[in-house]
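In what follows, every chain begins at residue 1, and chains take the letters A, B, ... in the order their sequences are listed.
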Amino acid sequence: MGKQREIAGWGHQVRVLTDVERPETVRGLSSSLGVQGIARGLGRSYGDAALAPGRVWQMTRMRRMLAFRDGVLTAEAGTSLGDIQRVFLPRGYTLPVTPGTQWVTLGGAVASDVHGKNHHRAGAFSRYVEGIALCTADGEVRSIGPTRDPDLFWATVGGMGLTGLILEVSLRLQPVETGYISVDYFRTGGLEETLGWFAEHDAAYPFSVAWLDCLASGQALGRAVMMGGRPAAAEEVPRGKMAYPMPRPALRMPVRLPSGALSRGVGIAFNAAYYGVHRPVLRKVEPWWKFFYPLDVVDDWHRLYGRQGFVQYQAIFPQDVGLREIRGLLGRIQAARHPNFLGVLKRLGESSPGLLSFPAPGLTLALDLPMQGERTRSLFRDLYAQTADLGGRVYLAKDSFLTPALLQRMYPRLAEFRAVKERVDPMGRWRSALAERVGLVEAP
Amino acid sequence: MSHAGVLVLGATSTVARSLAARWAQEGLPLLLAGRDLPEIERVAADIRVRYGSQVEVVACDTAAAGYPEAVLASVARAGPLRGVLWAFGTMAGADGSGDAQTLRDSAWVNFGAAPPLIEGLLPLIDREGFIALLSSVAGDRGRQSNYVYGAAKAALGTYGLGLRHRLSGKGPSVTVVRLGVVDTRMTWGMNVPGGTADPDAVAQAVQRGIARRRAVVYAPRRWALVMAVIRNLPEPLFNLLRI
Ligand SMILES: Cc1cc2nc3c(=O)[nH]c(=O)nc-3n(C[C@H](O)[C@H](O)[C@H](O)COP(=O)(O)OP(=O)(O)OC[C@H]3O[C@@H](n4cnc5c(N)ncnc54)[C@H](O)[C@@H]3O)c2cc1C
Ligand SMILES: NC(=O)c1ccc[n+]([C@@H]2O[C@H](COP(=O)([O-])OP(=O)(O)OC[C@H]3O[C@@H](n4cnc5c(N)ncnc54)[C@H](OP(=O)(O)O)[C@@H]3O)[C@@H](O)[C@H]2O)c1
């Protein structure tokens with residue numbers, strides 16, 4: 001039976017026809033092993049992390065919840081974070097860390113060691129992972145954790161699926177009083193003020209993020225809507241509402257817009273409007289999905305970008321990188337006159353011990369850009385070179401342009417990762433298009 | 001002896017899993033049965049964690065020597081039943097291409113194994129309860145791509161309707177479910193014009209049909225129309241189709 005399917009990353013700038021297995025039982029999964037390839041979750045990574053020239057194991061039907069004891073959930077790796085939230089929020093537990101979309105799997109969250117709006121205080125996803133069942137290249141299922149084969153554990157966390165198939169994850173959930181967040185909104189007039197806010201107020205909020213306008217001109221460049229959130233207490237729940245509310249199903253994006261519809265002009269207007277409507281207000285009480293997942297109101301929103309798709313630049317800079325350098329970067333993007341949309345700036349906290357984990361203390365900047373061929377490629381070459389010169393790194397879950405040489409410069413623990421990879425997968429069985437492109441495995 | 005829940009035969013089936021989860025949400029206890037016990041334990045754990053329901057696991061291997069007596073004995077020990085779902089099914093040999101053993105198994109798994117077990121279960125099922133059999137639109141007209149499978153599924157449907165006739169007014173209601181193409185491991189990789197249906201949406205329709213004590217449920221519904229057309233196509237036209 002042919003299982004050739006066309007799949008893509010979330011940016012949809014590359015699509016590949018590939019052999020996709022979607023196991024629904026452990027036996028079915030076991031019988032599909034033995035060839036080269038990579039695991040895939042919900043395909044929310046932007047580039048080619050979950051694409052492979054060989055087989056792709058789409059894990060989304062392996063989503064059973066197996067146990068919940070003392071606040072720790074053990075579930076199959078294809079379970080989505082949105083599913084967990086729907087089952088456990090009504091019982092007073094929430095995700096300890098969540099990325100900007102709930103439609104990622106546990107496996108994807110571990111493999112990218114994802115961070116959320118609380119990273120500056122709560123750290124990355126892996127901090128709450130107590131154990132993993134990992135199927136390695138020899139076909140064994142190994143039970144690993146921070147104290148059980150820690151080398152393999154910290155290579156798997158953030159390891160982009162390259163140590164094996166994650167089958168199960170044990171995650172410590174967070175007790176929570178309500179499903180609401182009390183949010184303070186501020187606006188800044190320019191980049192200096194934006195960075196000043198992070199330096200001064202960030203630590204006071206469990207959750208924080210800035211929506212950055214990377215298209216405003218002159219001194220207004222880098223102006224932002226700052227959001228600081230705290231879990232709302234029971235008495236803050238709006239009158240007549242449930243303590244643990246649930247969202248309606250998302251809208252669908254019915255058609256793909258023509259490429260180029262999101263021009264620079266539209267971007268400028270969008271950013272200005274976003275800035276305009278978010279007037280400063282204190283203690284605005286918002287349901288969890290609105291605060292954490294504003295983009296999830298529309299499924300398939302990548303279709304806004306048309307057939308050519310889009311790409312994201314996300315980098316983290318060391319703590320000594322500040323106003324001058326960030327302004328320099330934004331200036332380059334502006335000078336290139338390349339359209340861009342959602343810009344996000346956030347201060348991250350401690351690094352995780354994950355050998356290829358992205359987060360580190362400092363500022364992270366993320367920016368979505370429509371893919372416009374060579375023009376986009378050359379802008380990324382420039383941005384990536386700058387990022388490396390500043391001692392920063394780009395996020396593999398978002399990347400489409402990294403090269404082996406840059407990877408070497410950006411990820412200082414690469415050699416340790418390679419050593420573990422060599423130990424558990426000497427034949428290089430687990431490989432993705434990303435891994436081949438950046439030299440994490442030898443090209444065939 | 002406390003049961004009065006639903007016995008799910010073939011609990012590793014994706015459609016059956018969705019149905020089981022829905023009955024659990026209604027507050028019904030479950031008895032999950034099948035041959036792959038470790039897998040069924042995972043399904044059971046999932047339903048317990050999500051819905052806090054009472055779920056037990058029963059071994060049921062249609063190919064085992066003691067079939068169906070051993071299964072009947074363990075179900076009887078568990079207590080009376082509210083309902084029974086038959087979900088076993090396999091596409092192996094569907095187009096006639098298998099060896100003799102495969103073709104025999106197709107007839108057995110898709111139909112032959114059902115009557116001995118279901119007849120034995122009858123005394124255990126509530127008068128107000130139900131029996132649901134997952135048949136297929138493949139049984140509506142023999143087609144080259146799946147006629148061996150379709151023949152057995154047609155037999156399963158005829159069996160179900162006959163049993164319904166016999167029990168009418170004095171026993172559980174029998175529903176024959178004719179599934180269209182559902183997105184499960186059984187159809188993964190098939191190229192289906194019009195696409196495959198979401199198993200959970202299908203389960204919702206099936207659950208509703210069973211609750212309304214329907215004789216026949218097509219799920220998704222549009223397959224009733226599709227099959228009416230296909231059944232009535234004149235043979236010269238039908239022979240042009242590669243279905
Ligand atoms: C709108 C949006 C907002 C986002 N916001 C954030 C954010 O705030 N913070 C953040 O950190 N990230 C963010 N991301 C990125 C996203 O969290 C990661 O890309 C995540 O890995 C996606 O999970 P997935 O299940 O879709 O995995 P996929 O995209 O399918 O795969 C991602 C990687 O995980 C591996 N993988 C997946 N499942 C398994 C498994 N079972 N075993 C082994 N390896 C596996 C794949 O091989 C691949 O390398 C965002 C993405 C989107 C689309
Ligand atoms: N999916 C569709 O499009 C579709 C369409 C029409 C009708 N149906 C019917 O609806 C039912 C459920 O479908 P599904 O897609 O959910 O099925 P599925 O996931 O493929 O599950 C099939 C079930 O049958 C069991 N089974 C398969 N081969 C067997 C064998 N040789 N001996 C014993 N048990 C065997 C499986 O047990 P193991 O896990 O142990 O293998 C499993 O419990 C089936 O009866 C199917 O024929 C499905």
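- Surrounding CG of B/N191 are at most 12 heavy atoms belonging to other residues, nucleotides or ligands under 6.0 Å away.
- Other residues, nucleotides and ligands contribute more than 12 heavy atoms inside 6.0 Å of the CZ atom of A/R15.
- Heavy-atom neighbours of chain A within the stretch residues 8-21 of chain B, taken at a separation under 4.5 angstrom, comprise B/T14, B/R17.
- Contact count against chain B (heavy-atom pairs under 4.5 Å) is highest for A/D83 among A/V87, A/L73, A/D83.
- At a heavy-atom cut-off of under 4.5 Å, chain A is reached by B/D183, B/T184 from residues 175-184 of chain B, listed in order of number.
- Listed options A/R86, A/E21, A/E76 were ranked by heavy-atom pairs under 4.5 angstrom with chain B; first place goes to A/E76.
- Summarising the geometry of B/A45 relative to A/L66, their closest heavy-atom pair is CB-O, 3.5 Å, with the distance given to 0.1 Å.
- By the 6.0 Å contact criterion, CZ on B/R221 is open, its count of non-hydrogen atoms from other residues, nucleotides or ligands being 12 or less.
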side-chain contact (heavy atoms from CB on, under 4.5 Å) between B/E41 and A/R64, worked out: CA-CA 10 Å; B/E41 289 291 356; A/R64 270 81 54 94; over 6 Å; no
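- Residue contact with chain B, scored on non-hydrogen atoms closer than 4.5 Å, involves the side chain of A/R5 exclusively.
- For A/E168 and B/R42, the salt-bridge test passes: some basic side-chain N is under 4.0 Å from an acidic carboxylate O.
- With sequence neighbours excluded, the residues satisfying ring-ring contact (aromatic ring centres under 6.0 Å, His included) with A/F88 are A/F68.
- For the ring-ring contact (aromatic ring centres under 6.0 Å, His included) test, no residue two or more places apart in sequence or in another chain qualifies with A/F153.
- Between the side chain of B/W188 and the backbone N or O of A/P23 there is no donor-acceptor pair closer than 3.5 Å.
- Taken to the nearest 0.5 Å, the OG1 atom of A/T79 stands 7.5 Å off from the CG atom of B/D46.
- Note that CZ of B/R50 and CE of A/M65 are 4.0 Å apart. Values are rounded to the nearest 0.5 Å.
- For the pair A/E24 and B/R185, the tightest heavy-atom approach, listed with the atom from each and the gap, is OE2-N, 3.0 Å.
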